[in-house]
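Structure first, then comments.
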Amino acid sequence: MTDDETRPIRARMAPSPTGPLHIGTARTSLYNYLFARHVGGTYVLRIEDTDLARGTVENEQDIIDNLHWLGITWDEGPQVAGGEDIGPFGPYRQSHRWELYAAEAAKLLEDGSAYHCWCTPEELDEVRRQQERNHEPPRYNGRCLRLTNADLAQFEAEGRKPAIRFRVPPEKVTFDDLVRGEVEFDNALLGDFVIVRAGGVPLYHFVVVVDDEKMNITHVIRGEDHLSNTPKHIALIRALGYREPRFGHIPLILNADRSKMSKRKSQTAMTAYREQGYLPEAMVNFLAFLGWSPGTEEEIFSLDELAGRFELGQVHKAGAVFDQDRLDHLNGVYIRSLTDEQLALRIRPFLPDALDDSAVLRVVPLIKERLVRLSDAPELVAFLHEPDEAVIAGYLPEELNAKGKSAAETAIALDAAAQLVQELDDADFSADVLEARSRAAAEQLGWKPGDFFKPIRVAVTGRSVSPPLFSSMELLGRDRVLARIGAAHAKVAGGGSLA
RNA sequence: GCCCCCAUCGUCUAGAGGCCUAGGACGCCACCCUUUCAAGGUGGAGAUCACCGGUUCGAAUCCGGUUGGGGGCACCA
């Protein structure tokens with residue numbers, strides 16, 4: 001009945017495909033993964049798809065893809081949605097294990113640990129409402145425990161199908177939680193709960209217990225929201241004569257208002273973060289520190305380093321707010337740690353085809369330290385591939401003016417800029433030369449360099465905030481720079497021509 | 001309502017009786033660097049360690065209570 005400590009360690013993650021991979025599920029999966037890898041145990045993926053109404057294969061695909069994206073791998077389980085299972089304890093999808101659950105439920109029925117319940121959802125609702133009115137705890141009233149043969153005959157005549165309800169032994173249950181220590185519950189306060197629906201579909205509390213036993217799971221690490229479900233599971237484990245695994249309940253990830261992180265108040269789908277250009281390394285690092293720390297002041301860790309350091313004993317008990325500012329910061333750190341070649345590869349999918357691979361590689365150094373997310377890249381490089389007309393149409397004439405400068409003065413500056421560009425042949429058209437000439441021109445004009453660069457920046461990139469100006473000009477090429485400066489001049493001078 | 005869990009700067013956290021006049025990071029504010037924005041550098045504000053009692057020569061650290069927050073009580077997972 002109790003866990004024999006000599007069993008080889010096996011941990012698992014058990015996502016439900018009722019939605020795409022949730023941040024919280026990802027973090028729980030990560031902790032399980034880190035735990036299993038740290039102790040050299042086996043890591044299992046089991047798909048909890050008993051909710052036929054809400055589960056989809058698309059979600060299963062999303063979960064598997066995003067787990068892989070994070071770099072999390074498992075030793076047993078489906079590697080691809082709908083694909084072959086790997087491992088000796090399969091199938092690893094609950095929807096493929098129904099005979100097993102039926103057999104286990106039959107055992108419970110046989111020895112009286114469970115019984116048929118003929119109550120309809122409407123009847124149960126009514127009872128619950130009644131209990132609420134009387135300020136009683138909302139739990140099953142045990143009606144079907146005391147059925148007469150006549151009742152039974154009538155239900156059958158009505159064509160009702162029974163659910164199977166587990167008879168919870170009214171006893172105190174204690175367990176030693178891996179993160180919280182000794183926890184005690186009184187199961188006398190629990191109502192008997194349904195383990196198999198009318199119609200034969202088994203429910204979560206039951207299948208999770210059956211599968212953890214049959215898959216030889218020794219360590220159940222899950223969110224704190226399951227803490228008060230654990231005594232139910234232990235009661236089931238005992239009734240079925242199973243071995244009791246160790247339980248560890250990790251703190252919840254919270255919305256800004258400290259409630260359990262939800263779709264309603266936060267972005268919870270991992271895919272969304274991925275699409276916004278968060279790096280999996282940053283996400284993993286960030287998630288790991290939501291409820292755990294190595295006990296030092298170090299904070300940048302790869303997945304492998306995390307696995308080397310991770311201890312369940314260092315996991316916190318209190319929930320942690322998901323702080324996107326911190327994620328953003330970490331993402332920037334990871335982006336900047338990439339080589340230009342690596343970053344070019346990662347950014348490629350975020351950029352339009354109009355930019356070829358070599359152009360991407362050339363802009364990367366200009367935007368690297370300006371990126372928070374990869375999806376920031378298109379805006380930063382837009383000046384490169386946007387048609388000149390679009391760039392020119394993108395700003396108002398007065399945006400060209402440096403602070404305190406009039407349109408007339410701006411026209412003069414633009415004029416000087418056009419001239420200096422014209423004087424350069426293609427071979428000389430480099431950032432260094434451009435900068436030297438521009439500074440000289442500014443001095444000649446008696447302008448501060450920054451003031452002189454402002455109209456050029458807007459003219460050339462269409463924006464007052466851009467990557468470094470002269471490198472941008474070099475990338476753009478002499479002709480396009482000239483065209484854009486000319487157009488800007490026309491705009492500010494109301495159609496007047498360049499000198 | 002009942003049961004359970006939790007409680008260090010706004011946020012993530014260090015801290016496992018004296019090293020703490022509580023450290024780091026994010027964010028915020030200044031300044032420096034600087035062609036914009038970033039990045040980087042330096043500095044700053046920010047926590048009577050929820051509160052109240054106890055134990056102790058000594059408590060953020062141990063104990064009790066209070067308050068506050070969260071989670072769970074489905075024929076969802």
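Every chain is numbered from 1, with letters handed out A, B, ... down the list of sequences. Only a predicted model underlies this, so the values are computations on that prediction, with no experimental measurement involved.
Here the P atom of nucleotide B:U61 and the NZ atom of A:Lys317 are 13 Å apart, to the nearest Å. Atom pair A:Phe322:CZ and B:U13:P shows a separation of 13 Å (rounding to whole Å applied). Rounded to whole Å, the distance from CG on A:Leu338 to P on B:A39 is 17 Å. With rounding to whole Å, A:Asp328 atom CG is found 14 Å from B:A38 atom P. A:Phe286 has its CZ atom 12 Å from the C1' atom of B:U13, to the nearest Å. Rounded to whole Å, the distance from CD1 on A:Ile456 to C1' on B:U36 is 12 Å. Taking atom CD of residue A:Gln131 and atom P of nucleotide B:G1, one finds them 16 Å apart after rounding to whole Å. Counting to the nearest Å, the P atom of B:A39 and the CG atom of A:Leu330 are 14 Å from each other.
Taking the P atom of each, B:U56 and B:G27 are spaced 47 Å apart, rounded to whole Å. Comparing the C1' positions of B:C33 and B:G40 gives an interatomic distance of 8 Å, to the nearest angstrom. For the C1' atoms, the distance from B:U8 to B:A25 is 15 Å, rounded to whole Å. For the C1' atoms, the distance linking B:G15 with B:C62 amounts to 15 Å, nearest Å. With both ends at atom P, the span from B:G72 to B:A38 equals 41 Å, rounded to whole Å. Taking atom P in both B:C37 and B:C29, the straight-line distance is 14 Å, to the nearest Å.
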Decide side-chain hydrogen bond (donor to acceptor under 3.5 Å, both in side chains) for A:Gln267 and A:Gln324; before the verdict, give the C-alpha distance in whole Å, the side-chain angles of both, and the deciding distance to 0.1 Å. CA-CA 10 Å; A:Gln267 186 174 74; A:Gln324 181 140 355; 5.4 Å; no
A:Tyr204 and A:Gln94: side-chain hydrogen bond (donor to acceptor under 3.5 Å, both in side chains), yes or no, with the steps? CA-CA 10 Å; A:Tyr204 169 76; A:Gln94 292 183 325; over 6 Å; no
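As judged by a 4.0 angstrom heavy-atom cut-off over every strand, A:Gly291 is placed among residues touching the sugar-phosphate backbone only. Counting non-hydrogen atoms under 4.0 angstrom, A:Pro467 reaches a base of the nucleic acid. Within 4.0 Å (heavy atoms only), A:Pro468 reaches at least one base atom of the nucleic acid. At a threshold of 4.0 angstrom between heavy atoms, the contacts of A:Glu184 are confined to the sugar-phosphate backbone, with no base atom among them. At the heavy-atom level, A:Phe470 lies under 4.0 Å from base atoms of the strands shown.
Comparing A:Gln314 and A:Ala318 against RNA chain B, the residue whose closest nucleotide sits nearer the 5' end is A:Ala318.
Under the 30°/60° scheme for interplanar angles, the aromatic rings of A:Phe453 and A:Phe470 are found to stand perpendicular. Aromatic ring orientation, A:Phe301 versus A:Phe289: parallel (interplanar angle below 30°, classes split at 30° and 60°). Using a 30° and 60° split on the angle between ring planes, A:Phe247 and A:His249 fall in the parallel class, below 30°.
In this structure, B:C62 forms a base pair with B:G54, meeting either the Watson-Crick or the G-U wobble geometry with both donor-acceptor distances under 3.5 Å. Here B:C26 sits opposite B:G10 as a Watson-Crick or G-U wobble pair (both hydrogen-bonding atom distances under 3.5 Å). Across all strands shown, the partner of B:C73 is B:G1, judged by Watson-Crick or G-U wobble contacts whose two distances both fall under 3.5 Å.
Not a single salt bridge (Lys or Arg N to Asp or Glu O under 4.0 Å) links A:Asp432 to another residue, sequence neighbours left out. For A:Pro138, the side-chain contact (heavy atoms from CB on, under 4.5 Å) partners at least two apart in sequence or on another chain are A:Arg128, A:Gln131. With sequence neighbours left out, A:Leu189 forms a side-chain contact (heavy atoms from CB on, under 4.5 Å) with A:Asp186.
Listed for the A:Asn66 side chain is a donor-acceptor partner under 3.5 Å among the backbone atoms of A:Asp62. Side-chain atoms of A:Ser438 come within 3.5 Å of backbone N or O of A:Leu434 as a donor-acceptor pair.
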Letter by letter from the 5' end, nucleotides 64-77 of chain B scores (B base, S sugar-phosphate only, - none; protein heavy atoms under 4.0 Å) ------SBSSSBBB
Sugar-phosphate atoms are those with a prime plus P, OP1 and OP2; base atoms are the rest. Using that split, label each nucleotide of nucleotides 45-52 of chain B B, S or - for protein heavy atoms under 4.0 Å, 5' to 3'. --------
For a quick check, with a 4.0 angstrom heavy-atom cut-off, what is the B/S/- contact string for nucleotides 24-33 of chain B, read 5' to 3'? SBSS------
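Heavy atoms from other residues, nucleotides or ligands lying under 6.0 Å from CD of A:Glu156 number more than 12.
Relative to the six-membered ring of A:Tyr140, A:Arg165 meets both conditions, a distance below 6.0 Å and an angle of at most 45° to the axis.
Side-chain contact, A:Thr230 with A:Arg222: a donor N or O sits under 3.5 Å from an acceptor N or O.
For B:C37, the base has a donor-acceptor partner in the side chain of A:Arg370 [N/O atoms by modelled type, under 3.5 angstrom].
Applying the 4.0 Å criterion to OP1 and OP2 of B:C5, one finds that A:His316 has every side-chain N and O outside that range.
Side-chain contact between A:Val460 and A:Leu476 is present, with heavy atoms from C-beta onward closer than 4.5 Å.
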